[in-house]
Each structure stands twice: as structure tokens, then as C-alpha cells.
Enquirer: 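Here you go, one structure.
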Protein chains: 4
Amino acid sequence: MTDSRILSNVKDAELVEKRRSQMIKGAITLFKEKGFHRTTTREIAKASGFSIGTLYEYIRTKEDVLFLVCNAIYERFRERLEAAIDWNSPPVANLKRVITAYFQLMDDMQEEVIIMYQEVKSLKKETREYVLTKERDMVSMLENVMVTCLPASSSRQDATLLANNIFVQGQMWGFRRWMLQKQFTLETYIERQIHYVLQALAIADPGQAAAQTD
Amino acid sequence: MTDSRILSNVKDAELVEKRRSQMIKGAITLFKEKGFHRTTTREIAKASGFSIGTLYEYIRTKEDVLFLVCNAIYERFRERLEAAIDWNSPPVANLKRVITAYFQLMDDMQEEVIIMYQEVKSLKKETREYVLTKERDMVSMLENVMVTCLPASSSRQDATLLANNIFVQGQMWGFRRWMLQKQFTLETYIERQIHYVLQALAIADPGQAAAQTD
Amino acid sequence: MTDSRILSNVKDAELVEKRRSQMIKGAITLFKEKGFHRTTTREIAKASGFSIGTLYEYIRTKEDVLFLVCNAIYERFRERLEAAIDWNSPPVANLKRVITAYFQLMDDMQEEVIIMYQEVKSLKKETREYVLTKERDMVSMLENVMVTCLPASSSRQDATLLANNIFVQGQMWGFRRWMLQKQFTLETYIERQIHYVLQALAIADPGQAAAQTD
Amino acid sequence: MTDSRILSNVKDAELVEKRRSQMIKGAITLFKEKGFHRTTTREIAKASGFSIGTLYEYIRTKEDVLFLVCNAIYERFRERLEAAIDWNSPPVANLKRVITAYFQLMDDMQEEVIIMYQEVKSLKKETREYVLTKERDMVSMLENVMVTCLPASSSRQDATLLANNIFVQGQMWGFRRWMLQKQFTLETYIERQIHYVLQALAIADPGQAAAQTD
DNA sequence: CATGAATGAGAGTTCATTCAT
DNA sequence: CATGAATGAACTCTCATTCAT
């Protein structure tokens with residue numbers, strides 16, 4: 001599990017794992033509060049519960065911390081989304097459940113979403129691309145579920161685009177709550193967005209109810 | 001025109017206008033390249049064509065530059081979007097035209113979109129809120145056009161939500177081109193997204209053709 | 001009257017005189033408030049009622065302003081002290097009157113005293129020495145009056161030293177009022193200090209009253 | 001000993017003590033030479049024997065250095081003055097010894113006196129007041145000794161005023177040597193000033209000799 | 001493996017002075 | 001003679017990173 005892309009002086013893999021967990025936890029708290037650039041390595045060390053010297057035993061540069069944080073966040077995203085998929089349930093019910101789970105995830109972790117959005121650019125090209133791969137994976141998960149609901153009249157492209165649409169609409173909820181919450185609760189927001197997707201897929205949405213009604 | 005929210009030592013309003021234009025131009029180039037935090041005030045001065053001392057004759061702090069830049073970008077967005085609206089044309093045609101114009105705008109100015117998204121947070125609360133007001137204005141423009149296409153069966157909420165959806169889908173094109181361009185050109189992207197909106201509004205989209213066919 | 005030690009681009013002597021008066025007035029206000037180093041040339045120009053460009057038509061450097069101010073202050077000191085001397089009145093009465101006048105002067109102009117004390121050092125050696133000459137002149141005035149009261153038993157040195165004592169005790173009142181005013185009014189302070197001087201000169205001080213009673 | 005009013009990043013109190021000593025030593029040399037405002041933090045760091053970064057590990061702002069310096073100077077003053085007091089010796093002998101010690105102190109440390117006088121104003125109100133307390137303490141020490149010599153005919157006010165007079169006369173020697181040294185050596189200066197004080201206290205000064213004759 | 005003192009390049013900002021108009 | 005925009009050296013302070021203990 002320990003990310004070997006980030007070099008560490010310490011050899012004990014278990015310890016590296018543990019220290020990096022502390023680091024990620026501390027750093028996320030700080031990044032939420034003040035962003036990557038306004039957070040100092042000293043603060044990260046302190047919030048992680050060890051000294052600045054120790055911090056640098058487990059990373060090479062400050063950017064490494066950002067990478068670890070971004071990676072950890074995506075890992076959490078992926079895990080939770082994966083847990084929502086049930087390939088044995090009916091396609092449309094599965095789609096509804098996954099979309100609902102994804103939107104709830106974005107609601108729970110809105111601050112992490114913001115970190116991702118605003119700081120990924122601070123990663124150097126190579127690393128950034130690696131992180132973006134993970135984003136693509138998430139969209140793919142949505143897309144794969146979407147495909148199973150595709151009627152004959154629709155093309156694979158629709159699945160791709162609708163998956164992308166859902167993806168950014170989820171982020172929008174995290175990002176733009178202040179604008180949407182006057183008119184929508186998370187539940188009504190989910191319900192409407194699912195409704196539009198089903199319409200786009202030319203699937204009648206009888207009850208116009210949220211996923212759990214299935 | 002000159003933004004009096006930002007104090008300047010120089011009194012000649014025309015000159016302030018001119019110098020700030022240079023500044024905004026220079027700063028945008030740099031922010032696109034390396035972001036706000038990695039850009040130094042000296043670099044901004046140089047890219048603007050004057051000395052660091054002169055830069056500070058026209059602003060008070062580095063953050064002022066960011067504010068000026070964000071404001072200028074939104075102003076351009078708004079102008080171009082406004083130009084696309086034609087209240088005399090049929091509602092659906094108008095909607096298609098506006099969405100198309102908006103997506104093209106996001107395509108042209110994708111780097112500006114990225115600046116907005118990644119740096120607005122660096123503004124202090126008060127200033128940030130002022131800038132976000134402008135974002136709301138843009139969504140409102142889309143929403144107002146959307147409303148005119150609303151069938152009896154739809155609620156005002158649909159207009160709000162679909163406007164917001166369009167808004168973030170536009171940004172998505174700017175933001176996530178690298179992911180979408182394998183399968184879509186700007187034109188096919190626009191065409192599909194318009195199609196979904198019309199379906200959501202329960203409007204038949206006969207030719208499935210892009211806006212220009214009207 | 002115009003100080004030719006300070007070079008001016010402007011040839012019209014009357015104008016130079018006028019502008020420098022404005023400058024000194026403005027600068028003293030500012031120096032009282034924030035000291036020489038914390039005052040900017042722009043502020044001086046503004047407080048003087050003209051532009052920074054004009055300021056530099058009448059001086060060469062910021063230090064010139066300090067010199068003009070110091071000189072002006074000493075000039076005022078000297079004038080007021082000189083006015084108090086009356087060589088026709090009895091020596092002791094004259095001494096009492098001069099000391100009283102000097103202490104009152106220090107009371108009136110305590111902020112000017114502080115400027116002198118704290119900023120003279122910022123003048124470059126040559127200029128500083130010129131200013132200090134004026135200080136010596138003031139002490140000499142006190143000393144000359146003192147000499148006329150000297151009994152046979154005292155030496156000229158006593159006059160010198162007592163004059164210097166009076167000089168710094170006057171400054172002390174300006175400088176250390178916050179400490180002395182709990183126990184003394186200006187009047188009682190003067191009365192006591194005169195008393196000590198007369199005792200040092202071995203002159204009985206019958207009424208122990210202040211100078212004006214003579 | 002380490003002044004906890006000034007925050008330090010470094011926790012090791014002994015080290016803080018040591019580094020601040022270096023700092024104070026270096027800073028005093030520089031302040032004597034060019035004053036607080038004309039001395040840069042880099043110069044202070046260099047004169048202290050460490051880097052600019054290290055300097056700022058032990059202080060928060062440049063003003064902190066001035067505070068440390070002022071405090072250290074007063075501490076030295078106080079220590080030396082305290083050492084001169086001997087409550088077991090006869091009052092007048094004690095007074096003479098203390099005044100002599102004080103004047104000698106001012107002679108030794110004239111440059112420190114000048115720093116105090118010219119730079120204390122640069123401290124912010126709160127800190128300045130703290131430093132001035134120490135000045136008051138010194139005057140009080142003189143006053144307490146003075147009181148023991150007070151004859152029945154004198155009031156407590158005389159002790160206060162004469163203590164203040166001695167205090168500023170001491171500074172005068174540090175400050176105005178250039179003026180006084182033509183006519184006085186330190187010894188003759190002291191002898192005369194003591195003589196005046198004893199006269200003011202209505203105490204006969206038999207031999208007119210300096211303190212050591214007792 | 002942990003610590004934290006030391007480093008110095010580099011950041012944002014100021015301001016005395018100049019000079020074209 | 002008056003103006004004020006332009007300049008850039010110089011300032012204070014920060015912080016990622018290193019390394020001796």
C-alpha cells in the first residue's frame with residue numbers, strides 16, 4: 001500500500017505506512033483550511049504529530065505531501081463508489097444507486113473535492129497526470145454502469161458523456177452548494193439529476209422517486 | 001471602467017485604466033502558465049512592461065492583481081454571453097444559440113476558466129464573494145433563457161438546475177478536454193448536450209442537429 | 001534668511017523662503033507624530049501643500065528637510081530666550097526671569113525638543129555639528145546671565161556648569177513630564193530649580209517665590 | 001533570564017539566552033554606529049555571527065531586537081548602580097558614592113545612553129512603557145538614597161527632584177561631553193555636581209572633595 | 001529513526017529620487 | 001516653476017530543506 005513513487009529514507013515499510021497516514025490526515029485538515037500554498041511544512045509536521053525533521057524522513061519535498069493527499073482522497077472516492085455497485089441488481093436500479101452514492105459522497109467530502117480541484121495543478125506534470133488517471137477511473141466506473149442501461153437507440157458515446165455529466169454535477173454540488181441549496185436539498189438534487197439522465201437514456205422514470213424506491 | 005475597489009496612487013483615470021489593462025494581460029499569461037502563487041510580483045511587472053515600483057503605483061497588494069484578473073475575465077465572459085442572446089428570436093432557437101455561444105466561449109477561454117477555478121479561493125472572503133456574484137450572474141443569464149423554453153409540465157426549478165448543469169458542463173469542456181476530445185469535437189459535444197437539455201425540457205429535438213441548423 | 005547651505009533649483013529667494021516655511025511647518029507636524037524616519041517625503045510634500053516634484057525643487061535630499069527643521073526650531077528657541085533677557089534689570093531678577101522663560105519655552109515646545117533630541121543624530125556629521133553650535137549658543141546665553149550673578153567665592157566654571165544644568169533640566173521637563181507632573185506643576189518645578197541654583201550660587205533666596213515676584 | 005516577552009521558535013532556553021546575547025552585542029555595536037533605523041536586520045544577523053534565517057528564529061520582528069537591546073542596557077545600568085549602594089555606610093557617604101558610581105557609569109556607557117535616548121521612541125507604545133518603567137526604577141534608586149540624607153527642613157519633593165536632576169545630569173555627561181570636557185574632567189564634574197546637591201540639601205560640604213575622601 | 005537549529009534564496013512591499021511634460 | 005508617473009535598490013520577513021546530534 002505504501003506509495004513507492006514517493007521516496008523515503010526510512011526502510012521499515014509498516015512505519016512508513018503509519019507515518020504517511022498521520023501526515024495525510026494532518027495535511028488534509030490544513031489544506032481544507034488554508035490551501036496547499038498557504039500551509040507550511042512545519043505546520044504539516046506539527047499537525048501530523050512529529051517534527052519537521054521526521055517529516056522529511058518520509059518525503060522528499062512538500063509537493064510529495066500534496067501527491068499523497070490527492071492519492072489518498074481518490075482512493076477513498078474509489079472505495080466508496082465501488083462499494084455502491086452491485087452487478088447483480090437490475091441495471092437501472094444499479095445506476096440509480098451508484099449515482100445516489102456518488103452524489104452523497106461528494107456531499108460528505110466536499111472539502112476534499114475542493115482540495116483536488118484547486119491544488120492538483122500544483123503537482124508537476126508527471127505526477128499530475130498520474131492523479132488524473134484516477135479521476136478517469138472514477139468516470140469509467142460511472143460509465144460502465146451507465147452502459148448497462150443503454151437502450152438500442154443510444155450510442156456508447158452517450159454513456160461516456162452522461163457519465164462525465166454526472167461526474168461534474170456531483171462536483172458542482174460540492175463546489176456550488178452555496179448557490180444550489182436555496183432551491184434544493186441533496187435528495188431533491190439527486191432525484192432531479194437522475195431524472196434527467198434517465199430521460200437522456202430514453203428510459204421512462206415512472207415514480208420520479210430516488211434510487212432507494214427500487 | 002477603472003475599478004475603484006482597488007486603490008491606486010496614480011490619479012489619472014485613463015492612465016490607470018491603461019496600465020491595469022497591461023497588468024491584467026501580463027498577469028493572465030503568467031497565471032495560465034504557473035498559477036497565482038508561483039507567479040511573483042516582479043514577473044507580473046515585467047510581463048506588464050513596467051517596473052516593480054510602477055506596478056505598486058496601481059495596486060496595493062499582489063492579491064489586487066488577482067482580483068483585477070478575475071474581474072476582467074468575468075467581464076469578458078459576460079459580454080460575450082450577452083451578445084449571444086436575442087430576445088426576438090424563437091425561444092428554443094435562442095436557447096440553442098446561447099448554449100452554443102457559451103460552450104464556444106469556454107473553449108476559447110479554457111485557460112481563463114482554469115484560473116478562475118483554481119485561484120478564486122486565494123482572494124480574501126469579501127473580495128471572493130464579490131467575484132462569485134458575477135458567476136451567479138452568468139448562471140442567471142442562462143437560466144433566464146431557459147425559462148422561456150419551459151413547458152407547462154416543468155417547474156422553474158428545472159430551469160435553475162439545467163442552467164447550472166450547462167454552466168458546469170461548459171467548464172468541464174474547458175477543464176477536461178483532455179478526457180473528452182478523444183470522443184468529441186466541440187461541435188458534437190455541443191450538439192449532444194443541447195439534445196439532453198431539450199429532452200429534459202420535454203422538447204422534441206427533430207434533427208438532433210446543432211444550433212446553427214435553426 | 002533663506003538658508004543657503006541647502007541648495008535649491010529655484011532662484012527666486014523670496015519664493016524659496018516661502019516654500020521652505022511651508023515645508024518646515026508640515027514636516028514638524030509629521031515629525032512630532034511619527035519621527036523623521038517614519039515620515040516619507042511624499043507625506044512632507046502633501047503636508048506642505050505641494051507636490052513631491054516641487055518639494056525637490058527646494059531641497060536636495062530628505063535630510064535637508066531635517067536640517068531645516070532643526071535649524072528653525074533652534075531659531076525659535078533663541079528668539080524667545082533672547083527676548084527674556086533684560087540687561088538693565090538687577091542680575092538676580094534677570095536670572096530668574098530668564099530661567100523661568102526658558103522652562104516655559106521647553107513646556108510650550110516639548111515636542112520640538114523631542115524632535116531635536118531624537119533626530120539630530122540622523123544628520124550627517126558636518127550638518128549635525130552646525131546644529132549643535134546653536135545649542136551651544138543657547139547654553140551660552142544662560143551662562144552669560146548666570147555670570148552676572150556670580151559671587152566672589154564662585155568660579156566661572158560654576159556659571160558654565162549651572163547653565164548646563166539648567167539647560168538639561170529644561171529639557172527634562174519637556175522629556176520627562178510624565179514622571180514629574182505627579183508631584184510638580186510647571187510653576188513649582190521652576191520655583192524649586194531656581195531655588196537650587198541660587199543656593200549653588202550662595203545667594204539667599206528669601207521668599208522662595210517664583211521669578212515674577214521680583 | 002531569557003526574555004519571554006519576545007517569542008522564539010527555538011525551545012532550548014539556554015540556547016535562546018546565548019543567541020540573544022550574541023544578538024544584543026552585535027546590535028549594540030551597530031546601533032551605536034548608525035542607529036536603529038539605518039541598521040538592517042541582515043547586518044544584525046551578520047554582526048551576531050549567524051544568518052538572517054537564524055536571527056528570525058529568535059525574534060519575531062526587527063523591533064524585538066531594539067527591545068532586547070534597551071532591556072539589556074537598562075539591566076546593566078541597574079546592576080551597576082545597585083552594586084554601589086551600601087545601606088550600612090553613613091547616608092551622605094552613601095549618597096556621594098552612588099552619585100559617583102552613576103556618573104562613572106554614564107561615562108563608561110555613553111553610547112548606550114545615546115541609543116536609549118534616541119531609539120526608545122521607535123518601540124511601540126506598550127513596549128516603550130515597559131522600558132520606561134526601568135528608567136523610573138533607576139531614578140527611584142537615586143531618590144531612595146537621597147531621602148536618607150534629607151534634613152528636617154526639606155520635603156520629600158526635594159529628594160524626588162534632586163534625584164531627577166542627578167539622573168539627567170548624568171545623561172548630560174554622556175550626551176554632551178563634547179561641550180563639557182573643555183572645562184571639566186569626569187572627576188571635577190562629579191565633585192561639583194555633588195557639591196550642588198549637598199548645598200541643596202543644606203548639608204555643609206567641608207572639603208569640597210569628591211566621594212572618595214570619606 | 002527522531003529531532004530541531006541552521007540556512008539563505010527569494011518573496012512582497014516601500015520610498016527617496018528623477019525627469020519629461 | 002510645478003507636476004506626478006516612473007524607477008529600482010533596498011528593506012523586512014518567510015519557509016522549504018538540510019544535517020549534526
Side-chain angles (χ1 to χ4, degrees), chain A residues 8-12 15-16 19 37-46 49-65, chain B residues 8-12 15-16 18-19 37-45 49-65, chain C residues 8-12 15-16 19 37-46 49-65, chain D residues 8-12 15-16 18-19 37-45 49-65:
Chain A
S8 166
N9 286 337
V10 177
K11 298 304 163 211
D12 179 342
L15 190 54
V16 173
R19 292 276 181 262
H37 279 106
R38 296 207 196 290
T39 301
T40 69
T41 51
R42 275 170 149 96
E43 287 170 327
I44 295 170
K46 193 172 185 185
F50 37 72
S51 71
I52 182 69
T54 301
L55 181 73
Y56 274 88
E57 290 292 311
Y58 296 93
I59 53 158
R60 279 274 181 276
T61 69
K62 188 186 174 191
E63 211 208 278
D64 285 354
V65 180
Chain B
S8 167
N9 284 337
V10 177
K11 298 296 166 226
D12 180 342
L15 190 56
V16 173
K18 181 181 157 199
R19 292 280 178 262
H37 280 107
R38 295 209 195 289
T39 302
T40 70
T41 52
R42 278 178 162 78
E43 287 170 327
I44 296 170
F50 36 71
S51 72
I52 182 66
T54 300
L55 180 71
Y56 276 90
E57 289 290 306
Y58 294 92
I59 52 159
R60 280 277 184 273
T61 69
K62 187 185 175 192
E63 212 208 279
D64 283 355
V65 181
Chain C
S8 166
N9 286 337
V10 177
K11 298 303 164 214
D12 178 341
L15 191 54
V16 173
R19 292 276 180 263
H37 280 106
R38 296 207 196 291
T39 300
T40 69
T41 51
R42 274 170 150 95
E43 288 170 326
I44 295 171
K46 196 172 183 186
F50 38 71
S51 71
I52 182 67
T54 300
L55 181 72
Y56 274 88
E57 290 291 311
Y58 295 92
I59 52 158
R60 279 277 181 272
T61 71
K62 189 186 173 190
E63 212 209 277
D64 285 354
V65 181
Chain D
S8 166
N9 284 339
V10 176
K11 297 294 168 229
D12 180 342
L15 190 56
V16 173
K18 181 180 156 199
R19 292 278 178 264
H37 280 107
R38 296 210 195 288
T39 301
T40 71
T41 51
R42 275 182 162 77
E43 287 170 326
I44 295 171
F50 35 71
S51 72
I52 181 70
T54 300
L55 179 72
Y56 275 91
E57 289 290 306
Y58 295 92
I59 51 157
R60 279 277 183 274
T61 68
K62 187 186 175 191
E63 211 209 279
D64 284 354
V65 181

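Heavy-atom basis, side chains included; hydrogens, waters and symmetry copies ignored. Letters A, B, ... mirror the listed sequences (proteins, then strands); counts begin at 1.
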Enquirer: Distance check, rounded to the nearest 0.5 Å: A/Ile52 atom CD1 versus A/Thr54 atom OG1?
Expert: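 So the gap between those two atoms works out to 9.0 Å.
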Enquirer: Stem list for DNA chain E, please, built from Watson-Crick and G-U wobble pairs under 3.5 Å and keeping only runs of at least 3.
Expert: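 If one scans DNA chain E for consecutive Watson-Crick or G-U pairs, the stems found are E:2-21 with F:2-21.
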Enquirer: Whole angstroms only, please: what is the OH-C1' distance between A/Tyr56 and F/dA20?
Expert: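 A/Tyr56 atom OH is separated from F/dA20 atom C1' by 18 Å.
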Enquirer: Please list all pairs meeting salt bridge (charged side-chain N to carboxylate O under 4.0 Å, His left out) that have one or both residues in residues 50-62 of chain D, counting only residues at least two apart or in different chains.
Expert: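 Output for this query lists A/Arg42-D/Glu57.
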Enquirer: About how many Å separate CG of D/Asp64 and CG of D/Leu55, when rounded to the nearest 0.5 Å?
Expert: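 Going from CG on D/Leu55 over to CG on D/Asp64, the span is 9.5 Å.
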Enquirer: Could you label the plane-to-plane angle of the B/His37 and A/His37 rings as parallel, tilted or perpendicular, counting under 30° as parallel and over 60° as perpendicular?
Expert: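 Aromatic pair B/His37/A/His37 classed parallel.
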Enquirer: Which parts of nucleotides 5-11 of chain E does protein reach within less than 4.0 Å, heavy atoms only, written one letter per nucleotide 5' to 3' as B for base, S for sugar-phosphate only and - for none?
Expert: BBBBBBS
Enquirer: For C/Glu63 and E/dA16, what is the distance between atoms CD and C1' respectively, to the nearest whole Å?
Expert: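 Checked: the CD to C1' distance equals 13 Å.
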Enquirer: Can you work out whether D/Thr61 or A/Thr61 has the more 5'-proximal nearest nucleotide on DNA chain F?
Expert: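 Going by which nucleotide is closer to the 5' end, it is D/Thr61.
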Enquirer: How about A/Asn9 and A/Tyr56: do any of their side-chain heavy atoms sit closer than 4.5 Å?
Expert: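 A/Asn9 does not reach A/Tyr56 side chain to side chain.
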Enquirer: May I have the distance from A/Lys46 (atom NZ) to E/dG4 (atom P), rounded to whole angstrom?
Expert: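 So the two atoms are 12 Å apart, to the nearest Å.
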Enquirer: Out of D/Thr41, D/Thr39, D/Ile44, which residue meets the side chain to side chain contact (heavy atoms under 4.5 Å, CB included) rule with D/Val65?
Expert: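 Testing D/Val65 for a side chain to side chain contact (heavy atoms under 4.5 Å, CB included) against D/Thr41, D/Thr39, D/Ile44 leaves exactly one candidate, D/Ile44.
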Enquirer: Could you tell me how far apart B/Glu43 (CD) and E/dG12 (C1') are, to the nearest whole angstrom?
Expert: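 Atom CD in B/Glu43 sits about 13 Å away from atom C1' in E/dG12.
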